[in-house]
Amino acid sequence: MRYRLTPWWVRVLAVWLFSRVVTTVLMLLFASWQEKNPWTGPRPGLLAFSQLWDSVWYHIVAVSGYPSVLPRGADGHVTENAWAFLPAYPAVSRLVMTVTGLPWEPVSVFLSVAFSLGAALMAYKLFRLVLPAETSLFAVTLFCFAPLSPIFQVAYAESMHVFLLALALYLLLRRHYGLLFPVVAAMALTRPSGLAFALALGLHIVHRFVTRARDPFPLADGIMASSLALFSLVMGIAWPLVAWAVTGSASAYTDTELAWRVPYIGYTELMPFAAWIQGAQFWGAQWGIGLFAVPLLFLAVGFFVVFLFIPPVRRLGVDLRFWSAGYAVYLLAVFFPQSSTFRLLVPLFPLLGAVAQPRSPVYRVAIVALCVAGQVGWLYACWWVNGYDWTPP
């Protein structure tokens with residue numbers, strides 16, 4: 001009886017707190033094993049251990065901004081630089097640093113942790129639109145304990161982005177199109193997502209038009225939703241346009257993004273959907289499955305398409321499936337698959353609502369245990385730096 005009277009946000013807070021304790025213990029354990037690396041000395045503290053990899057780039061943006069001249073290597077190609085990292089998270093961090101007088105390390109981690117709590121609360125509200133309360137809480141449990149959940153308490157923009165995404169999806173399902181404009185703007189300047197959300201909105205508009213006989217689609221809604229889709233599309237290309245304006249190079253952003261592929265496949269042009277074929281060929285050669293790599297890629301894509309139509313996923317409703325499909329298409333169009341791809345899958349968190357539906361206690365305990373084991377695996381493979389490490393998170 002006492003549990004039933006507990007407010008929903010208290011239950012989510014309890015789950016979130018327990019998950020952060022588990023993840024913090026795991027991070028402290030890996031920090032105790034960490035040897036000297038390009039970012040820290042041996043056995044760094046938790047704050048220092050939370051500043052590895054791309055955290056340095058966010059720090060650079062927060063304190064120095066973006067270069068007006070693109071750095072280039074001896075061969076003339078653009079090299080890795082800050083333009084690959086969107087400004088919202090470092091800007092908020094800089095604001096808090098200015099107001100509090102605190103340095104980057106505690107502020108960046110505090111913001112990530114705070115946004116992760118907001119994301120958990122918002123995810124519950126989102127799931128409750130399509131699932132029962134008990135299932136929604138377990139979906140949030142999976143969200144908080146997911147293998148990639150350590151990313152929610154390091155100096156990365158993922159926590160902020162997932163919070164904004166959960167809020168955006170909630171507003172979309174509630175059809176509050178007008179309120180979505182500032183959320184989409186902030187989200188698109190936190191992590192690349194404007195184009196994917198525009199695609200999801202386009203599918204949403206088509207579906208509402210087709211089903212208008214049983215679900216009225218007023219002209220005002222159509223105009224507002226279409227304006228929002230166009231706005232999201234503009235926000236999806238806004239940052240490359242800003243990079244162009246500042247550096248004078250129309251390809252500044254894409255050239256910067258392509259620089260991260262160089263260690264794998266060398267310098268290439270950006271061709272939509274080509275990167276996954278190139279990645280399959282590269283990794284297939286590395287793993288000795290060259291002839292099977294591309295067919296396996298198409299098989300995986302086909303499996304994902306089928307997955308979107310199985311009953312547990314269909315119960316999530318069309319809009320969460322539209323987002324999942326739109327974001328997956330976006331990833332296939334522009335990203336090169338490597339170890340950081342696991343992190344790029346975090347915005348597909350609404351699909352956890354399908355995983356959460358079985359009610360067997362044995363299943364639920366087992367799936368949470370697998371999530372925690374996945375955290376260990378991800379920390380070991382991607383976050384913890386082990387000598388010359390080619391598996392960035």
Side-chain angles (χ1 to χ4, degrees), residues 9 12 86-89 91-92 111-112 114-131 136 139-140 143-144 146 148 151-152 156-208 221-239 308 313 316-331 334 343-354:
W9 60 268
V12 173
L86 274 65
Y89 172 69
V92 174
L111 284 175
S112 290
F115 275 117
S116 75
L117 173 58
L121 293 167
M122 202 64 245
Y124 178 86
K125 294 288 288 181
L126 173 64
F127 285 128
R128 277 296 286 124
L129 296 178
V130 294
L131 295 171
S136 297
V140 172
F143 172 79
C144 291
L148 271 292
I151 205 72
F152 296 153
Y156 270 52
E158 265 62 26
S159 288
M160 182 175 175
H161 179 252
V162 172
F163 165 72
L164 292 168
L165 174 60
L167 176 58
L169 291 172
Y170 176 82
L171 293 174
L172 177 62
L173 267 63
R174 295 293 303 274
R175 300 176 179 174
H176 294 321
Y177 303 121
L179 296 177
L180 265 166
F181 282 86
V183 178
V184 167
M187 181 175 70
L189 292 175
T190 303
R191 290 284 303 151
S193 52
L195 296 178
F197 203 75
L199 177 55
L201 284 166
L203 295 171
H204 168 85
I205 293 167
V206 171
H207 181 264
R208 286 208 65 185
D221 274 9
I223 294 173
M224 186 65 75
S226 299
S227 300
L228 178 64
L230 179 60
F231 177 76
S232 185
L233 181 65
V234 170
M235 290 306 304
I237 62 173
W239 190 241
L308 291 178
V313 180
L316 301 178
V318 294
D319 288 319
L320 294 185
R321 292 159 64 209
F322 286 159
W323 161 252
S324 300
Y327 185 71
V329 169
Y330 176 70
L331 288 184
V334 301
R343 174 172 56 88
L344 300 179
L345 297 179
V346 170
L348 293 174
F349 79 89
L351 296 177
L352 292 173

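Keep in mind that the numbers below use all heavy atoms, side chains included, and drop hydrogens, waters and symmetry copies.
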Taken to the nearest 0.5 Å, the spacing of Ile237 CD1 from Ser232 OG works out to 11.0 Å
Does the side chain of Leu86 reach to within under 4.5 Å of the side chain of Pro192, using non-hydrogen atoms? yes
Scan residues 176-195 for pairs that pass salt bridge (Lys or Arg N to Asp or Glu O under 4.0 Å), counting only residues two or more places apart or in two chains. Glu158-Arg191
Just verifying a value: how many Å separate Met160 CE and Thr190 OG1, rounded to the nearest 0.5 Å? 4.0 Å
Pairwise side-chain contact, Leu352 with Val140, heavy-atom cut-off 4.5 Å (strictly under): no
Do Val130 and Leu320 have side chains that get closer than 4.5 Å, going by heavy atoms? yes
Is there side-chain contact between Tyr327 and Leu195, with heavy atoms separated by less than 4.5 Å? no
What's the separation between atom CG in Leu201 and atom OG in Ser226, rounded to the nearest 0.5 Å? 9.5 Å
Residue among Val184, Leu172, Leu233, Leu171 satisfying side chain to side chain contact (heavy atoms under 4.5 Å, CB included) with Leu228: Val184
Of all heavy-atom pairs between Gly326 and Ala196, which one has the smallest distance, and what is that distance? O-CB, 3.9 Å
Atom OG of Ser136 and atom NZ of Lys125: how far apart are they, to the nearest 0.5 Å? 10.5 Å
To check you understand the geometry: which heavy-atom pair defines the closest contact between Ala123 and Ala166, and what is its length? N-CB, 4.1 Å
Test: Arg175 and Asp221 ion pair at under 4.0 Å: no
Compare all side-chain heavy atoms of Phe163 with those of Ser116 and state whether any distance is below 4.5 angstrom. no
Of all heavy-atom pairs between Ala139 and Gly353, which one has the smallest distance, and what is that distance? CB-CA, 4.1 Å
To the closest 0.5 Å, what do you measure between CE (Met224) and CG (Leu179)? 9.5 Å
Looking at every heavy atom in both Phe322 and His204, which two are closest together, and how far apart are they? CD1-N, 3.7 Å
Side chain to side chain contact (heavy atoms under 4.5 Å, CB included) evaluation trace for Leu203 with Val206: CA-CA 5 Å; Leu203 295 171; Val206 171; 5.8 Å; no
Quick check: do Phe143 and Val162 have side-chain heavy atoms less than 4.5 Å from each other? yes
Does any N or O in the side chain of Trp323 come within less than 3.5 Å of the main-chain N or O of Pro347, such that one atom is a donor and the other an acceptor? yes
Shortest non-hydrogen contact from Ala185 toward Phe231: CB-CZ, 3.9 Å
Indicate the atoms forming the closest heavy-atom contact of Ala354 with Val313, along with that distance. CB-CG2, 3.7 Å
Report the C-alpha distance between Tyr330 and Ser193 in whole Å, list the side-chain angles of each, state the deciding distance to 0.1 Å, and finish with yes or no for side chain to side chain contact (heavy atoms under 4.5 Å, CB included). CA-CA 8 Å; Tyr330 176 70; Ser193 52; over 6 Å; no
Do Arg321 side-chain atoms and Ser324 backbone N/O form a donor-acceptor pair below 3.5 Å? no
Can you sort out the partners of Ser112 under side chain to side chain contact (heavy atoms under 4.5 Å, CB included), two or more places apart, ordered by chain and number? Tyr89, Ser159
When rounded to the nearest 0.5 angstrom, what is the spacing between CG in Leu148 and CZ in Phe349? 13.5 Å
Partners of Tyr170 by ring-ring contact (aromatic ring centres under 6.0 Å, His included), sequence neighbours excluded? none
